[in-house]
Amino acid sequence: MPKITVIQKDGTPKSIEAQEGWSLMEITRDADVPEIEGVCGGSMACATCHMIVHPHWADKVEALDNEKTAEENDMLDLAHDVCETSRLGCQIRMSKELDGLV
Ligand code: FES
């Protein structure tokens with residue numbers, strides 16, 4: 001199974017087995033990453049799944065049918081500490097090509 005690494009707010013890395021086809025919000029929420037709540041269940045209505053994709057991975061994520069939409073950008077406006085590679089985890093679908101994602 002592919003793995004992702006989450007760098008938590010305190011700087012602690014956490015390696016997580018990532019089920020293909022699930023969203024990064026579902027994967028990180030179910031792995032008890034405290035910063036990821038996913039309150040709206042993935043309907044792009046809460047921004048509590050805000051995460052920052054490592055710049056090394058940002059283009060690859062988008063190229064794998066995970067393009068950032070205008071609606072996602074609007075929702076990210078409500079999140080804190082947004083940066084260029086900020087994404088809503090519910091809008092990124094895990095695939096084997098993302099094995100190693102940070
Ligand atoms: Fe609510 Fe992603 S889970 S916007």
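By convention here, the first residue in the shown sequence is residue 1. We count ligands from 1, going down the list as the structure has it; atoms in each ligand are counted the same way.
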Check your understanding: Any donor-acceptor pair under 3.5 Å linking the side chain of Thr28 with the backbone of Leu24?
Key -> yes

Check your understanding: Between the main-chain N or O of His80 and the side-chain N or O of His50, is there a donor-acceptor pair closer than 3.5 Å?
Key -> yes

Review point. Would you call Ile16 and Val33 a side-chain contact if the rule is heavy atoms closer than 4.5 Å?
Key: yes

Exercise for review: Sum up the protein N, O or S atoms located under 2.8 Å from atom 1 (Fe) of ligand 1.
Suggested key: 2

Review point. Does Glu72 come within less than 4.0 Å of Arg87, counting only side-chain N to carboxylate O?
Key: yes

Review point. According to a 4.5 Å side-chain heavy-atom criterion applied to Ile, Leu, Val, Met, Phe, Trp and Tyr, with indirect links allowed, do Trp57 and Met25 form part of one hydrophobic cluster?
Key: yes

Review point. Distance from Thr85 atom OG1 to His56 atom NE2, nearest 0.5 Å?
Key: 12.5 Å

